[in-house]
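Encoded as C-alpha cells, the structure appears first; notes follow it.
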Amino acid sequence: MNETATVAVVPGDGIGHEVVPAALEVLDAVADIEYVHVEAGDAVAAQRGTPLPEETLEAVSEADATLFGATGETSADVILPLRDAVDSFVNVRPARTYPGVDAVQPETDLVILRENTEGVYAGMEDRLTEDVSTLTRLVTRSASRRLAEFACDYVESNDHDGFTVAHKNNVMRVTDGLFVDTVREEAAARGVDVDEAYMDAMATHLAMDPAGYDVIVCPNLAGDVLSDLAAGLVGGLGLLPSANVGSERGIFEPVHGCAPDIAGEGIANPSATILSAAMLLEFLGADDAARDVRTAVEATLADGPRTPDLGGTATTDAVAAAVVDRLPDQ
Ligand code: NAI
Ligand code: MG
C-alpha cells in the first residue's frame, strides 16, 4: 500500500453498525486509509425511499475497496448492484477452525470460490400468472472462464494442489454443462488438477468429512449455501469473512447478515468483519498488516475475550479492543 488508499465504508443495518466500527478500530491501528462513510439498507430505504442512494453507489464505484457490514431485507437491492459496480466476478469465502473455538468439524480448512454475477442470482424472475412464476438461470462461458482463471491463479499462488468444482450437470445439463466444461478446459490448459462433485453430495461429504476438501469452485447459489454450511462446521457465522473481488476493486464483508435478533445489544462477534478487513488489506497490497490482524484475531479467539455466540460474555467492543492490544507496536 504505497499511497493512501480510499476505502468506502457501508455499515448497513443492524449489527453492521456494531461490527464495522469494531473492524475500523483495528484497521486504524495498522494502516493509513482515507475513509468515505456512506449508507445503504433498510433504514436508509425507510428514510429516503431507496436502499442504495446514488452517493453510496458512487463512493463504492470509485473507492479502492469497500468495507461492508450487512443489510436486511433490502440486501438483494444493495449488495447485488454494488458487486456489479465493482465488476466483482468472484466471492472468496474461507472457512477454517480456530484453536479455542468449539467446532462441529475441527478439521475444516477450506476456501469457497463462488461465481458472483450470474446463476440464479442474475435477477431474471417473472410472475407470469397468479399460479406460475419463473426464474432464468444465466450461465456464460466468459464468467465461468473468468472464475476458473481466478481459481487457477488462487491455487497456484497459495500453494494448493488443485480444486474441486461443485455442480449439478446431471440435472442442469445445459447451464452447469457449460459451467463445468469451461472450468475443466481452463484448468487443463493451466495444468491445474480438478476434482468434480455434485453439489448435493458435496453437502453430505462436507458435513461428515470436510478435510476432504480444500478449494471449492462453484456456481452462485451453491456457494451461498455451502459457505453457510461451512460456517456451521467451524463455529458459526460470526467467524466467516468474504471478499467480492473484481479486477480493480473489491468489497469486503462478513458472510453473515444484519442479525436483527441481537442487533443493538453490542454482543455481535466482530471476528468475521475484522477478518474481512484483513482480506481488504491484502487486496490493497498491505500483506504484513493483513497477517498481523489475522494473528491478533487468532490469539483473541484462542484466549478470549469471546462474544456469546462463542460461549463467552464479552461485548463486540471488548473483543475489538483485545484484537488491537494484540497487534504488534506500529
Ligand atoms: P444472519 O446472518 O443475520 O443471522 C443468522 C444467525 O446468526 C442469527 O441468530 C444471528 O444472531 C447469528 N449471527 C450472525 N452474525 C453474527 C455475529 N457476527 N455474531 C453473533 N451472531 C451472529 O441471517 P438471517 O437471520 O437469515 O438474516 C437476517 C437479515 O440479514 C435478513 O434481513 C437477511 O436478508 C439479511 N442478510 C443480509 C446479508 C448481507 O447483507 N450480505 C447476508 C445474509 C442475510
Ligand atoms: Mg448468504
Side-chain angles (χ1 to χ4, degrees), residues 8-24 26 38-46 51-52 56 60 66-86 88 91-93 95 98 101-104 112 114 116 121 220-221 223-244 250-277 279 297 300-301 304-320 323:
V9 179
V10 190
D13 293 306
I15 62 166
H17 287 283
E18 300 164 40
V19 293
V20 166
L24 288 178
V26 177
V38 283
E39 290 185 276
D42 299 0
V44 72
L52 186 59
T56 303
V60 171
T66 294
L67 183 66
F68 185 89
T71 42
E73 293 308 308
T74 54
S75 282
D77 306 314
V78 174
I79 194 68
L80 298 181
L82 289 184
R83 285 173 181 163
D84 248 13
V86 302
S88 159
N91 191 208
V92 182
R93 297 186 155 190
Y98 295 90
V101 176
D102 276 343
V104 176
I112 292 173
R114 163 188 176 191
N116 216 17
Y121 285 6
N220 206 336
L221 170 63
D224 198 2
V225 175
L226 293 172
S227 51
D228 276 29
L229 169 62
L233 300 178
V234 303
L237 279 166
L239 296 170
L240 256 69
S242 84
N244 299 283
I251 301 174
F252 299 81
E253 52 166 339
V255 168
H256 63 71
C258 67
D261 55 336
I262 58 167
E265 292 180 37
I267 54 162
N269 186 346
S271 304
T273 312
I274 298 173
L275 292 167
S276 301
M279 293 178 91
V297 170
T300 306
L301 289 170
R306 298 191 192 94
T307 42
D309 56 308
L310 300 180
T313 55
T315 61
T316 309
D317 292 346
V319 173
V323 172

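Read the numbers this way: they start at 1 and go in the same order the structure lists the ligands and their atoms. Throughout, residue positions are numbered sequentially from 1 according to the sequence presented.
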Which atoms of ligand 1 are found less than 4.0 Å from any heavy atom of [X]?
X: A268; value: 19 (N)
X: E253; value: 41 (N)
X: A70; value: 40 (O)
X: P260; value: 28 (C)

Winner among [options] once heavy atoms are compared against [atom]:
atom: atom 4 (O) of ligand 1; options: P308, S271, C258, A259; result: A259
atom: atom 44 (C) of ligand 1; options: A40, G12, G257; result: G257
atom: atom 8 (C) of ligand 1; options: V78, V19, D261; result: D261

When you compare the side chains of T315 and D317, does any donor N or O come within less than 3.5 Å of an acceptor on the partner? no
For the residue pair D13 / T71, report whether a side-chain donor-acceptor contact shorter than 3.5 Å exists. no
Report the distance from atom CG of L239 to atom NE2 of H256, rounding to the nearest 0.5 Å. 9.5 Å
What's the separation between atom CG in L301 and atom CG in L310, rounded to the nearest 0.5 Å? 6.5 Å
At under 4.0 Å between heavy atoms, is it the side chain or the backbone of I15 that contacts ligand 1, or both, or neither? side chain
Quick one: look at T71 and ligand 1, take heavy-atom pairs under 4.0 Å, and tell me if it's side chain, backbone, both or neither. both
Suppose the criterion is salt bridge (Lys or Arg N to Asp or Glu O under 4.0 Å): which pairs have a residue in residues 262-271, not counting sequence neighbours? none
Heavy atoms of G72 and D42 approach each other most closely as CA-OD2, 3.4 Å
Carefully, step by step, assess T66 and L82 under the rule side chain to side chain contact (heavy atoms under 4.5 Å, CB included). CA-CA 10 Å; T66 294; L82 289 184; 5.8 Å; no
So for A272, does at least one of its heavy atoms come nearer than 4.0 angstrom to any atom of ligand 1? no
I want to know if ligand 1 touches G72 in the polar sense, i.e. an N/O pair below 3.5 angstrom. yes
